[in-house]
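Chain A is the first sequence line, chain B the second, and so forth, proteins listed ahead of strands; every chain is numbered from 1.
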Amino acid sequence: MEALKQELKSKIVEVLNLEDIAVADINDNDALFGDGLGLDSIDALELIVMLDKDYGIKLVDPKEGKTIFQSIETMAAYIGANRVK
Amino acid sequence: MVTNKTYIESFCTIQNNEVVLNGESVFKIDSTAFADFSKKAYQHFDINYPKFFKMDSLSKLAFLGAELLLKADNDPLVENNTALVFSNKSSSLDTDVKYQKSISDKENYFPSPAVFVYTLPNICLGEISIRHQLKSENSFYIFADFNPVFMEQYANLLLETKKADKVLCGWVEYYNEEYTAFLYLVGKQGDFMHNEQTLKKLYNN
């Protein structure tokens with residue numbers, strides 16, 4: 001699980017072009033949206049694509065994203081339980 | 001209809017890894033890719049706007065030019081009624097091609113929303129408007145070449161009809177690492193007359 005969290009941090013920084021944020025700056029429980037990393041709605045869509053592309057997880061209900069993408073911790077838990085690749 | 005004189009208050013050119021502001025080179029680096037050049041220019045001008053790094057190349061190019069010309073003009077207490085009139089030749093083709101590649105393989109079909117949102121040229125005007133809190137007129141035209149006659153008439157029309165207090169005009173062309181930006185701010189005062197001859201001269205310098 002620890003490796004997956006690190007992997008997610010790296011992917012988020014790279015895929016979402018967070019040029020001013022280092023992987024080491026992201027804590028497992030930091031909010032990804034709002035006051036945390038400050039991600040926006042387009043970033044949320046990119047994260048949904050990333051789940052599909054890298055982990056084979058298709059979100060049927062985009063509203064699920066609100067819970068799944070709360071933090072690295074919640075993302076890793078969801079991916080760990082649902083990944084097919 | 002257009003009788004009052006208008007002037008070019010300031011202008012800048014971005015091409016070949018160099019930024020020239022009002023005729024003076026203000027940033028230049030050795031040959032490099034646009035992504036690297038734009039990042040270094042962002043750092044050089046001490047811009048603090050992380051969303052810059054999410055933009056496509058056309059928007060980065062327009063944003064950098066606008067940043068230099070509108071920075072001195074920003075008064076947070078006064079609504080900035082600066083219209084935007086931009087044009088180019090290749091529209092958003094550079095990003096369109098990138099997006100097309102992401103959807104061309106049915107076995108590997110992962111369209112990127114972050115790329116898709118830039119598949120229109122006028123998105124760069126939205127980026128500038130958000131940055132500078134502009135709620136003004138804006139339009140983006142596609143021409144084969146920089147069209148000083150049209151640009152002059154349209155900017156003057158906006159000023160004469162009081163649709164805008166100033167007009168930021170621009171030619172922002174980007175395709176496949178080839179880029180040229182020529183931006184200029186038109187208003188009621190300035191060192192250069194705003195006319196076809198001056199625009200041609202400044203554009204070709």
Side-chain angles (χ1 to χ4, degrees), chain A residues 7-27 30-69 71-72 75 78-79 82-85, chain B residues 32-64 67 92 94-96 98-120 122-124 126-127 129-131 174:
Chain A
E7 180 181 300
L8 284 173
K9 290 175 187 177
S10 298
K11 280 180 190 277
I12 285 174
V13 167
E14 185 193 339
V15 172
L16 304 184
N17 294 310
L18 304 180
E19 194 72 32
D20 57 337
I21 295 174
V23 170
D25 295 337
I26 306 174
N27 295 311
D30 282 350
L32 298 181
F33 293 84
D35 292 336
L37 292 187
L39 304 187
D40 60 22
S41 56
I42 299 296
D43 294 324
L45 295 174
E46 281 294 329
L47 291 179
I48 290 173
V49 172
M50 189 182 87
L51 283 191
D52 186 7
K53 188 177 180 180
D54 296 345
Y55 304 104
I57 299 171
K58 288 187 188 297
L59 283 192
V60 179
D61 180 5
K63 289 177 188 164
E64 284 183 282
K66 200 168 183 179
T67 313
I68 299 165
F69 301 136
S71 66
I72 293 292
M75 272 188 84
Y78 184 82
I79 292 169
N82 295 280
R83 67 188 301 171
V84 293
K85 64 177 181 183
Chain B
T32 184
F34 179 76
D36 184 48
F37 164 73
S38 59
K39 181 180 175 180
K40 289 194 165 80
Y42 171 96
Q43 292 165 337
H44 175 80
F45 295 115
D46 205 19
I47 302 167
N48 182 21
Y49 194 69
K51 194 172 186 293
F52 176 82
F53 296 104
K54 294 174 182 282
M55 296 177 195
D56 74 340
S57 298
L58 179 65
S59 287
K60 283 180 177 173
L61 185 61
F63 180 94
L64 283 172
E67 196 68 9
S92 55
D94 190 75
T95 300
D96 298 349
K98 282 181 185 145
Y99 186 71
Q100 172 62 28
K101 280 180 185 166
S102 77
I103 59 172
S104 58
D105 181 0
K106 284 183 180 173
E107 301 303 314
N108 194 28
Y109 184 86
F110 296 107
S112 164
V115 176
F116 177 74
V117 293
Y118 288 100
T119 55
L120 282 171
N122 58 322
I123 299 302
C124 69
E127 295 289 8
S129 296
I130 292 167
R131 167 64 163 168
Y174 186 99

Straight-line distance of B:Phe110 CZ to A:Asp54 CG, nearest 0.5 Å: 8.0 Å
From A:Met50 atom CE to B:Ser112 atom OG, the distance as rounded to the nearest 0.5 Å: 12.5 Å
Please check if atom [atom1] in [X] has more than 12 non-hydrogen atoms from other residues, nucleotides or ligands closer than 6.0 Å.
{"X": "B:Phe116", "atom1": "CZ", "answer": "no"}
{"X": "A:Lys58", "atom1": "NZ", "answer": "no"}
{"X": "A:Asp35", "atom1": "CG", "answer": "no"}

Part of A:Asp20 lying under 4.5 Å from any heavy atom of chain B: side chain
Residues B:Lys54 and A:Asp40 bridged, charged N to O under 4.0 Å: no
Minimum side-chain heavy-atom gap B:Pro111-A:Val49 below 4.5 Å: no
Inter-chain contacts: residues 7-19 of chain A against chain B, heavy atoms under 4.5 Å: A:Leu16, A:Asn17, A:Leu18, A:Glu19
